[in-house]
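What follows is one structure encoded as structure tokens, with my remarks underneath.
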Number of protein chains: 2
Amino acid sequence: MSNKNVERDQDVSLKLFIVLSRAFEAIEKQIVKNVKEYGLNLTEFAVLELLFHKGDQPIQKVGQKILLASSSITYVIDKLENKSYLTRKACPTDRRVIYASITDEGKKLMEDIFPKHKEAMSKIMGGLTTHEKELVTEKLKKLGLYAQQL
Amino acid sequence: MSNKNVERDQDVSLKLFIVLSRAFEAIEKQIVKNVKEYGLNLTEFAVLELLFHKGDQPIQKVGQKILLASSSITYVIDKLENKSYLTRKACPTDRRVIYASITDEGKKLMEDIFPKHKEAMSKIMGGLTTHEKELVTEKLKKLGLYAQQL
DNA sequence: TATAATTATTTCGAATTCGAGATATTATTA
DNA sequence: TAATAATATCTCGAATTCGAAATAATTATA
């Protein structure tokens, strides 16, 4: 790449990061507002959604999928347990492992929230057409995977 | 839109949010790692960068541009002041206002960091071509502005 | 098999952010 | 002009996240 093109790519990259941050924060803020009405924060919602759709998970798996440090998961799981939306279940084959399991109450909540969440998501992302979203998703996947591998 | 298309757009939107989050977090993590080597976190870096490139700013303006609550800015400005990278300067015309002003030491730091930051940014975003970045930037801008307006 | 290394979860303290409210100042309006 | 509203900054306490280290259990190795 020529010097000029290197510089241009740097400027474009800086700008992309700003715009990416802003877009993410704007969307996140809307979603936070929505789930807050159900007394949940985004992390709690993500954990419940995972258990709701994927079934019981070892606590550590939850952390991996939600992208949270192990100490933070303990905290979130505690909170959801206090709210009676999940229970801890011992693993019969490996006594180190504890499963997080969504309760009936938790399921009921998600059956209520999730469809609304999907609708809200569509509205929040109304700035792009379905096709544009697919295009951006594909590019962002490349971008994210590359950055992750560094 | 048909029912089928509504559902498809919802699914695409959900997926886009996941991918957007992951990309943002992966990139952010790399940048955090870089600026950490200079003893800064991302917020502190953002504040210094703003003052470095745009000159003195009222504290409240800093918060607006960095997207931070007023109570949080006070905290960050305090930290940067303790590190001698900026000083507070009273506004002569409005005694409510306090300017944040980067020090010579702060400028020296940014003259060192910023070019490296630009290079790093290009590398971190190496998963896309310059042209793809521009395309994604344009779409994300639409996406973010729309979400912000809700 | 005993020892060492790995894995899962938790505890603890620190860092960062927020929202609500306090204070001081300036701008508006009745 | 006096009272009211708006603006800028800061203080405080709470929530969330992290990293390091503790504990317990399992797996690998010598």
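Because the structure is predicted, anything quoted here is derived from the model rather than measured. The chains referred to below are lettered A, B, ... by the order of the sequence lines, with proteins before strands, and numbering in each begins at 1.
Taking a cutoff of 4.0 Å between a charged side-chain nitrogen and a carboxylate oxygen, A:K118 and B:E7 do not qualify as a salt bridge. Ion pairing of A:E49 with A:K54 is absent here, as no side-chain N (NZ or NE/NH1/NH2) approaches a carboxylate O to less than 4.0 Å. Taking a cutoff of 4.0 Å between a charged side-chain nitrogen and a carboxylate oxygen, B:R8 and A:E134 qualify as a salt bridge.
At the heavy-atom level, B:K79 lies under 4.0 Å from the strands shown only through sugar-phosphate atoms. Residue B:I73 is out of contact with every strand shown, counting any heavy-atom pair closer than 4.0 Å.
Whole-Å rounding puts the A:K33 NZ to C:dC18 P distance at 17 Å. If you measure from atom CD1 of B:I98 to atom P of C:dT23, you get 17 Å, rounded to the nearest angstrom. The distance from atom CD1 of B:I59 to atom P of C:dT25 is 16 Å, rounded to the nearest whole Å. Between the P atom of C:dT23 and the CZ atom of B:R95 lies a distance of 18 Å, rounded to the nearest Å. C:dT10 atom C1' lies 19 Å from atom OH of A:Y99, rounded to whole Å.
Where A:V76 and A:D94 meet DNA chain D, the nucleotide closest to each residue was compared, and A:V76 sits on the side nearer the 5' end. Nearer the 5' end of DNA chain C, as judged by each residue's closest nucleotide, is the contact made by A:K61, out of A:K61 and B:S70. Remark on DNA chain D: of its neighbouring residues B:R88 and A:R96, the 5'-side contact belongs to B:R88, judged by nearest-heavy-atom nucleotide.
The closest side-chain donor-acceptor pair between B:K116 and B:Y38 falls under 3.5 angstrom.
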- Assess whether salt bridge (Lys or Arg N to Asp or Glu O under 4.0 Å) is satisfied between A:D78 and A:R88, documenting all intermediate values. CA-CA 9 Å; A:D78 280 351; A:R88 283 176 161 91; 2.9 Å; yes
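First and last contacting nucleotides of DNA chain D toward chain A (any atom under 4.0 angstrom from a heavy atom, 5' to 3' order): D:dA15 to D:dT26.
Taking the six-membered ring for Trp and thresholds of 30 and 60 degrees, B:F17 and A:F24 have nearly parallel ring planes, at less than 30 degrees apart.
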